[in-house]
Structure formats: structure tokens, C-alpha cells
Amino acid sequence: ELLNHPNQGSAADILRHVVVRLGPLLRQQGARIATVLYDSLLIEAPAPIVAEIGALAERVMKEEMKRLFPVLEPRVDVSLEQPDRWGTDV
């Protein structure tokens, strides 16, 4: 029998909620979620608004954590990276 650890399942649920809420907000700005990889989102955005999109993504992630776990007040760490092009280290 295969079971997910509760933390793994919760992380997946949180990310699903973030994607559902963030996707339409990104499209309004000309950006999009290119892919979801484990617990990370790869977002493509026009270069001039990358910082703004990063701030939006961070805000949505933190708001969803607070909404889903209002009593726990979990710490949310968000890492934003911006490579110049695909296939390069940040």
C-alpha cells in the first residue's frame, strides 16, 4: 500500500490552490505558469515586469498558506530567481 506523508499531500494541495488562483492573475499581466516541478513554479513573464510578477506570486503563495492553515501560521519561504536565458545557472 502506498501512502503520501501528510506533509507531502498538504504541499501538493497548497500548490494546487496557488496555481488555480495565480494562473488568471498572471495572464492578465501577459505572464504564465510554464510548468510545475515538485514544489516549484516556473513562470514566464515579460522582462520589464519580472519583479512585479515575482511579488505577485509571493503574495498569492503566502495568502493561500494563511487561508488554508489560519491557526498554524506557518512560515512561508519564497525564492525568486531570474536567469537571463534557458539553460543557464541563476
Side-chain angles (χ1 to χ4, degrees):
E1 180 177 348
L2 297 174
L3 297 173
N4 268 345
H5 189 278
N7 290 347
Q8 291 170 321
S10 296
D13 288 340
I14 293 163
L15 194 57
R16 187 181 76 242
H17 284 271
V18 168
V19 167
V20 167
R21 184 166 163 221
L22 186 59
L25 297 173
L26 291 174
R27 284 191 294 278
Q28 291 173 0
Q29 301 293 323
R32 70 183 185 100
I33 297 171
T35 192
V36 177
L37 184 62
Y38 302 112
D39 62 349
S40 299
L41 297 177
L42 177 63
I43 298 172
E44 291 181 328
I49 62 168
V50 166
E52 179 183 334
I53 294 298
L56 173 66
E58 182 174 7
R59 180 177 56 84
V60 168
M61 288 178 187
K62 289 181 176 181
E63 287 174 357
E64 284 303 304
M65 282 291 289
K66 288 179 183 175
R67 187 180 69 79
L68 294 168
F69 300 99
V71 176
L72 298 178
E73 298 182 21
R75 187 183 87 219
V76 178
D77 293 324
V78 177
S79 172
L80 303 172
E81 300 172 355
Q82 178 187 357
D84 292 331
R85 63 184 186 278
W86 286 99
T88 62
D89 291 333
V90 179

TODO: Identify whether the distance between the nearest side-chain nitrogen and carboxylate oxygen of Arg59 and Glu63 falls below 4.0 Å.
DONE: yes

Any idea which heavy atoms bring [X] and [Y] closest together, and the distance?
{"X": "Ile43", "Y": "Ala31", "result": "CG2-CB, 4.5 Å"}
{"X": "Gly30", "Y": "Pro46", "result": "O-CD, 3.4 Å"}
{"X": "Ile49", "Y": "Gln29", "result": "CD1-O, 3.2 Å"}
{"X": "His17", "Y": "Asp13", "result": "CD2-O, 2.9 Å"}

Task: Residue pair Leu22 / Leu56, side-chain heavy-atom distance below 4.5 Å - done: yes

- [ ] Indicate yes or no: at least one non-hydrogen side-chain atom of Val60 is less than 4.5 angstrom from one of Leu25.
- [x] yes

Quick one: side chains of residues 34-42, donor-acceptor pairs under 3.5 Å with protein atoms, not counting sequence neighbours, listed by atom name and distance.
none

- [ ] Identify whether Ile33 and Val50 are in the same connected component of the hydrophobic contact network (ILVMFWY, side-chain heavy atoms under 4.5 Å).
- [x] no

Open item on the list: Measuring from atom CD1 of Ile14 to atom CE of Met65, what distance do you get when rounded to the nearest 0.5 angstrom?
Closed with: 4.0 Å

